[in-house]
Amino acid sequence: MLHRRTFKDGSKAMRFLGIRMCVLLMLLVVCIQFIQRMMNVSCWLLVNVRGPTSFETLRTVNGVIFPTYRAACEELNLLENDTLWDTTIAEAIISASPSQIRTLFAIIISTCFPSNPCNLWHKYKDNMSEDILHQIRITSRNHDVEMNEEIHNRALLLIEDMCYHMCGSLLIRLGMPAPNREMNDAFNRELKWGREYDHQELGLVVQTNVPLLNSQQKEVYDTSMRAIDDGNGGLYFLDAPGGTGKTFLMSVVLATVRARSNIAVAVASSGIAATFLEGCRMAHSALKLPLNLQTIEEPTCNITKNSAMAKVLSASKIIIWDECTMVHKRALEALNRTLKDLQNDSRCFGGAMILLSGNFRQTLPVIPRSTAADEINACLKSSNLWRYVKKLQLTTNMRVALLNDTSAEDFSEQWLTIGNGQVPVDESSGLISFPNNFCNFVSSKGELINNVFPDIISNYKNNEWLS
Ligand SMILES: Nc1ncnc2c1ncn2[C@@H]1O[C@H](COP(=O)(O)OP(=O)(O)OP(=O)(O)O)[C@@H](O)[C@H]1O
């Protein structure tokens with residue numbers, strides 16, 4: 001509601017009102033329901049616009065139809081301008097803290113009804129958000145964080161809370177943009193996951209670990225960083241048998257990107273794999289993949305364009321997907337469709353840099369009640385995206401190389417032979433036999449559990465034992 005004092009020339013308006021009293025009364029009677037729904041602004045338009053025949057005529061000034069009655073009033077110069085409030089805030093920012101400026105602004109918009117609070121907000125939003133930016137810079141130990149939409153949104157939320165206390169109105173009812181509450185909560189969470197890292201610590205990790213990379217790892221690292229820096233994206237698959245240092249390498253890539261204040265998204269197909277990489281999450285929950293991938297022909301991720309996750313994915317410099325070989329090919333295809341849509345870019349994955357890692361020698365997608373053919377069909381290699389994959393390889397087993405342990409070397413070779421399908425298969429049973437010295441054999445599941453986790457019953461709550 002506009003306050004009467006906001007009209008520039010009250011006496012002129014009242015005189016006008018007197019002359020047209022009869023006409024106005026008639027109009028008011030005829031349009032009683034209409035007037036009840038209107039704001040004061042429209043009443044003043046009724047007074048000032050001659051012979052209105054429709055809502056549109058009321059909003060038409062000099063042949064231009066304005067979107068709101070307020071805008072039409074402004075054009076007719078019926079509203080007091082906001083110079084007073086502008087000067088008040090401008091004076092306050094010289095000495096007041098951002099939180100005090102927010103309070104002042106909340107008081108102005110809740111009780112003084114400036115004609116265009118949005119303009120004031122856009123003019124002073126940086127001054128009202130400085131403390132939030134400062135706080136983020138301190139917590140992330142990164143002084144390069146710039147003022148952004150999310151920080152303004154947080155300031156708006158604080159202002160809205162104050163206005164609600166003062167006059168029981170949300171910002172949208174006070175002529176202000178509505179803060180995005182959902183975005184604030186979800187984006188904070190996603191952003192924390194994506195961006196808020198200790199940059200000094202990450203810088204140290206990069207400085208220490210990059211020189212340790214072996215030549216193959218360094219090649220993969222350089223290729224990934226080049227693709228990120230070029231901004232051309234691409235789909236890469238890191239083929240690395242167990243122990244070749246892919247987790248080590250991916251951690252260095254993630255740290256490098258995050259140390260530069262960029263977002264690097266890491267997801268993994270299994271919970272246990274997700275624990276090995278910093279800030280890594282389960283692919284299904286992070287990418288909001290449908291649970292029934294087998295039954296949907298062309299799935300997409302349940303991520304809307306305005307969601308926090310969409311913003312994180314769009315802003316990320318690299319998306320790493322660990323243990324991707326375990327996932328149904330449609331999961332990757334869903335991500336491809338979603339990224340194309342989010343980025344409005346028809347290139348593969350919308351031009352994003354995707355680094356897949358996994359091992360086809362290990363568990364493939366598990367499809368309940370299916371044949372081996374179904375599982376192979378669900379495998380990533382059967383996806384039409386596979387032809388775009390650029391393959392990167394690690395072959396040196398770092399566990400063996402670092403420990404100089406010959407038994408570990410034998411084990412890794414046996415492991416590769418099995419994984420590469422080079423062990424003869426028994427025709428009748430379709431099973432293979434492990435070499436005798438391959439591992440410790442057990443005769444039951446219970447014995448296996450007891451060998452791997454001895455006395456788990458008394459230790460399952462003991463963190464030290466579990467770690
Ligand atoms: N360049 C390196 N310098 C020092 N240590 C390394 C290097 N690469 C790997 N390692 C170490 O080698 C071990 C195996 O590496 P990592 O766990 O990354 O391998 P992986 O390929 O992920 O294995 P798995 O698939 O079995 O989990 C780890 O202890 C890791 O810290």
Side-chain angles (χ1 to χ4, degrees), residues 201-226 236-259 264-283 318-327 354-366 379-381 389-421 434-435 438-440 448 451-453 466-467:
E201 207 176 286
L202 288 177
L204 208 64
V205 170
V206 176
Q207 247 180 357
T208 322
N209 289 347
V210 171
L212 294 181
L213 297 175
N214 66 33
S215 59
Q216 282 181 331
Q217 290 173 328
K218 185 71 171 53
E219 203 180 312
V220 175
Y221 175 82
D222 288 341
T223 310
S224 310
M225 295 318 296
R226 242 191 332 269
Y236 292 83
F237 176 72
L238 176 58
D239 181 22
T244 48
K246 66 176 157 42
T247 312
F248 185 85
L249 170 64
M250 287 189 300
S251 303
V252 181
V253 173
L254 286 172
T256 310
V257 177
R258 288 168 179 163
V265 169
V267 295
S269 304
S270 70
I272 194 81
T275 60
F276 296 144
L277 289 172
E278 182 69 31
C280 184
R281 283 169 49 183
M282 285 278 289
I318 184 169
I319 299 172
I320 290 182
W321 192 329
D322 195 13
E323 303 286 18
C324 70
T325 44
M326 283 171 60
V327 86
I354 311 285
L355 177 59
L356 306 174
S357 117
N359 192 344
F360 286 108
R361 300 166 195 87
Q362 295 177 6
T363 313
L364 294 182
V366 177
C379 181
L380 271 189
K381 282 196 178 177
V389 161
K390 293 166 208 158
K391 215 163 142 192
L392 305 164
Q393 225 171 3
L394 299 179
T395 52
T396 311
N397 192 310
M398 291 307 285
R399 288 202 184 98
V400 175
L402 291 170
L403 300 174
N404 205 11
D405 178 349
T406 46
S407 68
E409 189 170 4
D410 290 345
F411 178 73
S412 107
E413 269 167 26
Q414 286 172 329
W415 195 231
L416 270 178
T417 319
I418 295 167
N420 288 336
F434 288 140
F438 182 59
C439 56
N440 295 331
L448 176 67
N451 276 359
V452 180
F453 302 109
L466 284 171
S467 64

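Order of listing sets the numbers, starting from 1, for every ligand and every atom in it. Just so you know, these numbers use all the heavy atoms, side chains as well, and skip hydrogens, waters and symmetry mates.
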Check your understanding: Which residue and non-hydrogen atom of the protein lie closest to atom 2 (C) of ligand 1, and at what distance in Å?
Key -> Phe248 CE2, 3.4 Å
Exercise for review: For the pair Ser269 (side chain) and Glu323 (backbone), establish whether a donor and an acceptor sit closer than 3.5 Å, ignoring hydrogens and angles.
Suggested key: yes
Exercise for review: Look at ligand 1 and say whether Gly243 reaches it with a heavy atom at a distance under 4.0 Å.
Suggested key: yes
Check your understanding: Do any N/O atoms on Gly242 end up under 3.5 angstrom from N/O atoms on ligand 1?
Key -> no
Point to revise | Asn440 CG: over 12 foreign heavy atoms closer than 6.0 Å | key: no
Exercise for review: Measure from atom 22 (O) of ligand 1 to every heavy atom in Thr247, Thr396, Leu213 and give the option owning the shortest one.
Suggested key: Thr247
Revision key, fill the gap. In terms of its nearest heavy atom to atom 19 (O) of ligand 1, the top option of Ala401, Ser412, Gly245, Ser251 is Gly245
Practice item. Would you give the length of the straight line joining atom OG of Ser357 to atom CE of Met250, rounded to the nearest 0.5 angstrom? Key: 3.5 Å
Practice item. Give the residue, atom name and distance (to 0.1 Å) of the protein heavy atom nearest atom 25 (O) of ligand 1. Key: Lys246 NZ, 3.0 Å
**Study point:** Phe237 and Phe360 aromatic ring geometry - parallel, tilted or perpendicular at 30°/60° bounds
**Key:** tilted
Exercise for review: Going by heavy-atom distance to atom 3 (N) of ligand 1, choose the closest among Leu212, Val210, Thr244.
Suggested key: Leu212
Check your understanding: Does any non-hydrogen side-chain atom of Met326 lie less than 4.5 Å from one of Ser270?
Key -> yes
Practice item. Compute the shortest N/O to N/O distance between Gln362 and ligand 1 and return yes if it is under 3.5 Å, no if not. Key: no
Check your understanding: For the side chain of Glu278 and the backbone of Ala255, is there at least one donor-acceptor N/O pair under 3.5 Å apart?
Key -> no
Check your understanding: Looking only at heavy atoms, is any part of Leu402 under 4.0 Å from ligand 1, and if so is it the side chain, the backbone, or both, or is it neither?
Key -> side chain
Review point. Does a salt bridge link Asp222 with Arg226, judged by any charged N lying under 4.0 Å from a carboxylate O?
Key: no
Study note, to complete from the structure: On a heavy-atom basis, the closest approach of Val252 and Asn209 is CG2-CB, 3.7 Å
Point to revise | Exercise check, heavy-atom protein proximity under 4.0 Å to atom 9 (C) of ligand 1 | key: yes
Review point. How close does the nearest protein non-hydrogen atom get to atom 27 (O) of ligand 1, and which residue and atom is it?
Key: Arg399 NH2, 3.9 Å
Check your understanding: Counting only heavy atoms on the protein side, is anything nearer than 4.0 Å to atom 29 (O) of ligand 1?
Key -> no
